[in-house]
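Report on the structure given below.
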2 protein chains.
Amino acid sequence: MGASKTDHFTDKQNAIAVMAKALGHPARVAIIEYLLKVDTCICGDIVNELPLAQPTISQHLKELKNVGLIKGSIEGNAICYCVEEKALTVLQKFFTHVTTKMEKKKNNCC
Amino acid sequence: MGASKTDHFTDKQNAIAVMAKALGHPARVAIIEYLLKVDTCICGDIVNELPLAQPTISQHLKELKNVGLIKGSIEGNAICYCVEEKALTVLQKFFTHVTTKMEKKKNNCC
DNA sequence: TTATTATATTGCAATATTACGATATAGTTT
DNA sequence: AAACTATATCGTAATATTGCAATATAATAA
């Protein structure tokens, strides 16, 4: 065991989980925030900004890219990383849906 | 290594990451959705609903509780679990903030 | 071509997560 | 009290994550 049984859950649940998991590390939250803060979004900048070694950051960027939260395009010999609007909007909608549902319930129990 | 260097990030980044991580498993997303769907929110129901053994679900509930996404109160010999509004609202606000920032940028690069 | 710069990949050690059988705990019913 | 029900904890195997030094790759500059 150790691997999660993704087949038993809905596609949406898996999609949310995969993206949430990618944001389940402060460095990756920091990367997203940094990409939104600056206009130039080159990987090198992130290495200077975060207290982690270059290979580690490269790895975190790869994970964010794998789940579709960011995209990268080659820009000379550097790489321009940007947030992927669509993916982040999916998360935003999910949590807005959740909070809306909560308000409707207003503590039926507990 | 293997543990993340949480000291090097802001409290907010760590808070978001910890909650996102907790939702980084489809079973835990399913639990939150189930708690919002039903009125009775007893753990036993969740065991019947999800394709996981009782100890595994107990463990997932514990994790959600540890990061403050749900709360549980004793109800006879069962336990009533409910979503914790405050925590989920923090996530909702974070992602709304992120999407709002994205719209303002409108692809300056990439 | 040889350096230099920017990023990725490999390999590996330390640690964390996931899953569940077995068992413990605690309240409820008989 | 004894049996039952509901949930938690323990122990442990399988797997995943985190972090980084060393190294590879690829574009640019000299």
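Each chain gets a letter, A, B and so on, in the order the sequences are listed, and its residues count up from 1.
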Study note, to complete from the structure: Whole-Å distance, B/Ile46 CD1 to D/dT7 C1', equals 11 Å
Polar atom pairs (N or O), protein with nucleotides 1-5 of chain D, under 3.5 Å:
residue, atom, partner, partner atom, Å
D/dT5, O2, B/Asn77, ND2, 3.2

Check your understanding: Is a donor on one side and an acceptor on the other found under 3.5 Å between the side chain of B/Ser58 and the backbone of B/Gln54?
Key -> no
Review point. For the side chain to side chain contact (heavy atoms under 4.5 Å, CB included) test, which of A/Val29, A/Leu36, A/Leu35, A/Thr89 pairs with B/Val98?
Key: A/Leu36
Practice item. Please step through side chain to side chain contact (heavy atoms under 4.5 Å, CB included) for the pair B/Lys37 and B/Glu49, ending with a clear verdict. Key: CA-CA 12 Å; B/Lys37 196 179 83 182; B/Glu49 186 81 1; 3.7 Å; yes
Please list each protein N or O that sits under 3.5 Å from an N or O in nucleotides 8-10 of chain C, with the distance.
residue, atom, partner, partner atom, Å
C/dA8, OP1, A/Tyr81, OH, 2.5
C/dA8, OP2, A/Ser58, OG, 3.0
C/dA8, N7, A/Gln54, NE2, 2.7
C/dA8, N6, A/Gln54, OE1, 3.0

Check your understanding: For A/Glu63 and C/dT7, what is the distance between atoms CD and C1' respectively, to the nearest whole Å?
Key -> 16 Å
Exercise for review: Report the distance from atom NE2 of B/His60 to atom CD1 of B/Ile46, rounding to the nearest 0.5 Å.
Suggested key: 11.5 Å
Point to revise | d(CG, B/Leu23; P, C/dT18) in whole Å | key: 12 Å
Point to revise | Nucleotide D/dA8, atom C1' - distance to CG of B/Leu64 in whole Å | key: 15 Å
**Study point:** Separation of D/dA16 P from A/His25 NE2 (nearest whole Å)
**Key:** 18 Å
Review point. Can you tell if the side chain of B/Phe94 reaches within under 4.5 Å of the side chain of A/Glu33, non-hydrogen atoms only?
Key: yes
Review point. Can you list the steps and then say if B/Val90 with B/Ile16 is a side chain to side chain contact (heavy atoms under 4.5 Å, CB included)?
Key: CA-CA 8 Å; B/Val90 169; B/Ile16 297 291; 4.1 Å; yes
**Study point:** A/Leu69 to A/Met19 - nearest heavy-atom pair and separation
**Key:** CD1-O, 3.8 Å
Practice item. Answer yes or no: does a side-chain N or O of A/Lys21 lie under 4.0 Å from OP1 or OP2 of D/dA16? Key: no
Exercise for review: Anything under 30° is parallel, anything over 60° is perpendicular, the rest tilted; go ahead and classify B/Phe9 against A/His25.
Suggested key: perpendicular
**Study point:** Integer-rounded Å distance: C/dT7 P and A/Leu52 CG
**Key:** 16 Å
Review point. How long is the line joining NZ of A/Lys71 and P of C/dT7, in whole Å?
Key: 18 Å
Review point. Hey, is the side chain of B/His60 poking within less than 4.0 Å of OP1 or OP2 on C/dT17, counting only N and O atoms?
Key: no
Review point. Of all residues at least two apart in sequence or in a different chain, which pass the side chain to side chain contact (heavy atoms under 4.5 Å, CB included) check with B/Ala20?
Key: A/Leu23
Review point. Can you check the A/Asn48 CG to C/dT7 C1' distance for me, whole Å?
Key: 13 Å
